[in-house]
Structure formats: C-alpha cells, structure tokens
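Working notes for the structure below.
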Amino acid sequence: MIKRIVILGIESSCDDTSAAIISDGYILSNIVANQKVHQKYGGVVPELASRAHQQNIIPVVDMAIGEAGIRKEELSAICFTQGPGLLGSLLVGSSFAKSFALGMNIPLIAVNHMQGHIMAHFIKEVDNKNRHPKFPFLCLTVSGGHTQIVLVKSVEDMTVIGQTLDDAAGEAFDKSAKILGLPYPGGPLIDKYGKLGDKHKFTFGKHQVGELDFSYSGIKTSILRVVEKGVEENPNFIEENRDDLCASIQHTIIDILIKKIMKASKETGIKEIAIAGGVSANSYLRARLLELKEKYNKEVYIPKFEYCTDNAAMIAISGYYKFLDKNFYNQSITPKSRLYL
Ligand code: KG4
Ligand code: ZN
C-alpha cells in the first residue's frame, strides 16, 4: 500500500496563528486563531502579536490534528512560514515547527508566505472541481504588506514583474478606513459599506506610476484632503457620506489593480489570471475580475474566501509540493522578516 503524504503547515507571520493538515494535496483541517488584541490600537502591535502566537500555537496545532482525524505519528513533514513577516511572530511558528520536526524525526520545510498565498489555488477539496490555474499564469498578490504582479511559471519559478513603490493595497484600504474613523482592519468594512454607496460620488487623485508598478500613497493623501475639507464644511460629513466614501475609495484602489493586471496580461500574452492575498477577499475586486472573464475572455481564478487571508492551508500545500521535490531544510534555518520570491 502506498503511504499517504500528510503535511502539517504552520503560519504565524503577522497576527493570525494558524495550523492546517493537508493529505496528498487534499485539505483535512485549517484552524485560524485571530488576535483581537490589536483592534483598539488601530494596527498590529508586534510585541502583542508574538505573545498571542505563543499562547495560541499549541492549542491551534492540537485542534488541526484533531479535526483532521489523524495521529501525529502519521505526519510526513512539518512546514512553516519562514517570512516575510514580523520577526517575533515568525520566531514562534518557526521555533515550534523546528522542535516538533526534531522530536518526531521527520523532515522540516520552510515556505515563503507570498508563495503560500499563490499556492492556495492548488489546495484540493473532496467533492470540489478543484479548478486551478495552468502554468504560466499571472497572479495579482494583494495583501496588507504586499501588492505584486507575479509571473508564475511553475511551483518554484515565480518572478515579480510589478509591485508597489510605497503602500500595499491592503494598507491603502486600512489607512483610508482609519481616516474615516473605522476600526482595524478596515478593508472588510470598506467592502461592506462600499456595497451600499455610489462609487463615482468622490474622486481621489491620479495614479501616475508607469509600467507594471503601483503607488498608493498619493491616493491616501488625496482621500485625507477630501475628508478634511468635507468635515470643515460639515462636521457630520463622514457619517452622512460613509457609504459613498467607502464605495469611491474601494473603486479607486481596485481600478488601479485591474488596469495593471490587464496591462501585464497584454504585455506577456498570458490569459490565465489569478488573485491571492487578503485583499482578494474583496467583493468588488472579485466582481471586476469576473467581468474580465466575460468581456475580455481571460481565465480568472479566485481562491475560496478562507484561503484568501492568512491561513496555514496555503503553507501546507506549498510544503506538500516541496516534499514531492524532497526540498527539505535543516535545523539551522532561521525566519526572515524580509524574504523575496
Ligand atoms: O494576506 P493578509 O491576511 O495578511 C497579510 O499578509 O497582510 O491580508 C490582510 C489585508 C488587510 O489589509 C485587510 O484589510 C485586507 O487584507 N482585507 C480586505 C478585505 N479582507 C481583508 N481588503 C478589502 N476588502 C476585503 N474584503
Ligand atoms: Zn498574507
């Protein structure tokens, strides 16, 4: 009998502690513990994040193994996020993974978080069509820390062909939300209220970066000016225009993403387009991408909602492919806050 390959993935790069089990590419469990502690500070506090990871990691791994219905002795390998991310957070996940792999005497595998987001498209589910992009494809990777267009030629061959020169798209969402007085992370709230508003009510600056790169800092300043001017004239400006402001902000941020991915598709001749990262949970971005499929005959791939934001299933599936290649790491591996594709 052929032994199945069972991978434990661990993700702790920012403020979510997550563990997942993947067996022969199929998902068995994916547990995510969010950290609510950061909300009142309007952003992630690194020191608090590391402490919460330390508290969460054992129960989360235990739950992932329990929900998958496996025994820990069945694990073939343990993989973890090596970076990029907050160093203190990464250290918790990597130290745990290293000790566990050493104790179980099984291979250890390090995964790049951004590669993980892209590989989320390859997570298989029983009773699902399991449609995934065909190589080569373009992946718009949009999260709180990154905004990139990646040319993906294979599991291990990923090249960044365009990226933000300042703020990431998720950061632009969160900072705009903060201007409107919304709590962190504001991206999902802008999405929620934006559905109710008029996206053409307000216009914010012009995006002037060439080629396939992005810039969001000018737009953020423009949003701040519009809001400050509005409040000067009417103290209830934000409350009275909340939905229209959110819809217009969302439209501005997403429109840039769509224009750049279309440009990349034209320049490379690649029609397979995927999205990844937390911002790919955005409903307006999803709708605009489906429009590309209808209008411009592109093949569009949108991950399931739970695989968009940070999760360990994406790390486990990347680890699974590395396992097939026998791409193992020794105990001297260390996490890196900056790590490139
Ligand atoms: O990938 P992710 O979970 O963590 C990072 O690696 O950064 O992405 C988090 C980012 C946050 O900026 C959050 O506001 C944004 O993704 N986000 C959204 C939505 N859901 C999450 N932005 C817009 N609309 C959403 N529905
Ligand atoms: Zn992420």
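If you read the sequence from its start, that first residue is 1, and numbering goes on from there.
Put simply, the side chain of L224 does not reach to within 4.5 Å of the side chain of V227, judged on heavy atoms. Contact of the I273 side chain with the E299 side chain is not registered, since no non-hydrogen atoms from C-beta on lie closer than 4.5 Å.
The neighbour count for R131 CZ, taken as heavy atoms of other residues, nucleotides or ligands under 6.0 Å away, is above 12. Environment of CG in L196: crowded, with over 12 heavy atoms of neighbouring residues, nucleotides or ligands closer than 6.0 Å. Residue K72 places its NZ atom among 12 or fewer non-hydrogen atoms of other residues, nucleotides or ligands, all under 6.0 Å distant. The environment of NZ in K229 is sparse: at most 12 heavy-atom neighbours from other residues, nucleotides or ligands sit within 6.0 Å. Counting heavy atoms of neighbouring residues, nucleotides and ligands inside a 6.0 Å radius, atom NZ of K195 exceeds 12 of them. For CE of M104, the number of neighbouring non-hydrogen atoms (other residues, nucleotides, ligands) closer than 6.0 Å is greater than 12.
The closest donor-acceptor contact from the side chain of T17 to the backbone of I57 lies at 3.5 Å or more, if one exists at all. The closest donor-acceptor contact from the side chain of K263 to the backbone of L212 lies at 3.5 Å or more, if one exists at all. Counting only distance, with no hydrogens or angles, the side chain of S23 and the backbone of Y26 share no donor-acceptor pair below 3.5 Å. For K298 (side chain) and L290 (main-chain N/O), no donor-acceptor pair under 3.5 Å exists by modelled atom type. Distance alone, capped at 3.5 Å, places no donor-acceptor pair between the K322 side chain and the E156 backbone. T268 contributes a side-chain N or O that, together with a main-chain N or O of I270, makes up a donor-acceptor pair within less than 3.5 Å. T147 places no side-chain N or O within donor-acceptor distance of the main-chain N or O of V142, the cut-off being under 3.5 Å. Panel note: side chain N311, backbone T309; a donor-acceptor pair is recorded below 3.5 Å. Not one N or O on the side chain of H146 forms a donor-acceptor pair closer than 3.5 Å with the backbone of T164. Panel note: side chain S18, backbone A312; a donor-acceptor pair is recorded below 3.5 Å.
Listed here is the closest heavy atom pair of A68 and L28: CB-CB, 3.6 Å.
Between K220 and S222, the side chains place no donor N or O within less than 3.5 Å of an acceptor N or O (distance only, hydrogens not considered). Side chains of D16 and Q35: no donor on one and acceptor on the other come within 3.5 Å. For the residue pair N330 and S332, a side-chain donor N or O sits within less than 3.5 Å of a side-chain acceptor on the partner.
By the ring pair (Phe, Tyr, Trp, His ring centres under 6.0 Å) test, F100 pairs with F96, sequence neighbours left out. Every residue meeting the ring pair (Phe, Tyr, Trp, His ring centres under 6.0 Å) condition with F237, not counting sequence neighbours, appears here in chain and number order: F202. Partners of Y193 according to the ring pair (Phe, Tyr, Trp, His ring centres under 6.0 Å) rule, which considers only residues two or more places apart in sequence or in another chain, do not exist here.
Residue pairs satisfying the side-chain hydrogen bond (donor to acceptor under 3.5 Å, both in side chains) criterion with at least one member in residues 270-285, sequence neighbours excluded, are listed as follows: D191-S283, Q250-N282, H251-Y284, E272-Y301, Y284-R288. Legend: side-chain hydrogen bond (donor to acceptor under 3.5 Å, both in side chains) pairs involving residues 99-113, not counting sequence neighbours, sorted by first then second residue: E11-H113, S13-H113, H113-H117, H113-D310. For residues 65-90, no pair satisfies ring-ring contact (aromatic ring centres under 6.0 Å, His included), with sequence neighbours left out.
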Report task. Quick one: do S215 and D166 satisfy side chain to side chain donor-acceptor pair (under 3.5 Å)? Show the steps, please. Result -> CA-CA 6 Å; S215 166; D166 40 58; 2.6 Å; yes
Requested in this report: Show your working on ring-ring contact (aromatic ring centres under 6.0 Å, His included) between F122 and F135 and close with a plain yes or no.
Outcome: CA-CA 12 Å; F122 295 86; F135 300 113; 5.7 Å; yes
Report task. List the steps, then state whether side chain to side chain donor-acceptor pair (under 3.5 Å) holds for E240 with N234. Result -> CA-CA 9 Å; E240 286 170 17; N234 168 13; 3.0 Å; yes
Requested in this report: Apply the test salt bridge (charged side-chain N to carboxylate O under 4.0 Å, His left out) to residues R286 and E291: give CA-CA distance (whole Å), side-chain angles for both, the deciding distance (0.1 Å), then the verdict.
Outcome: CA-CA 9 Å; R286 288 171 167 248; E291 215 176 270; over 6 Å; no
Query raised in the report: Do Y216 and K175 pass the side chain to side chain donor-acceptor pair (under 3.5 Å) test, and can you show the C-alpha distance, the side-chain angles, and the key distance before you say yes or no?
Result: CA-CA 10 Å; Y216 281 110; K175 286 181 176 170; over 6 Å; no
Query raised in the report: Does the salt bridge (charged side-chain N to carboxylate O under 4.0 Å, His left out) test come out yes or no for E74 and K3, once each step is laid out?
Result: CA-CA 9 Å; E74 288 177 75; K3 203 169 160 243; over 6 Å; no
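Considering I275, V150, V155 as possible partners of I118, the one that fulfils the side chain to side chain contact (heavy atoms under 4.5 Å, CB included) test is V150. In summary, of the residues considered (I249, I256, D255), a side chain to side chain contact (heavy atoms under 4.5 Å, CB included) with I253 occurs for I249 alone.
Residue V60 is not grouped with residue V111 when hydrophobic side chains (ILVMFWY) are merged at heavy-atom distances under 4.5 angstrom, including chains of intermediate members.
The aromatic ring centroids of Y307 and F305 lie 6.0 Å or more from each other.
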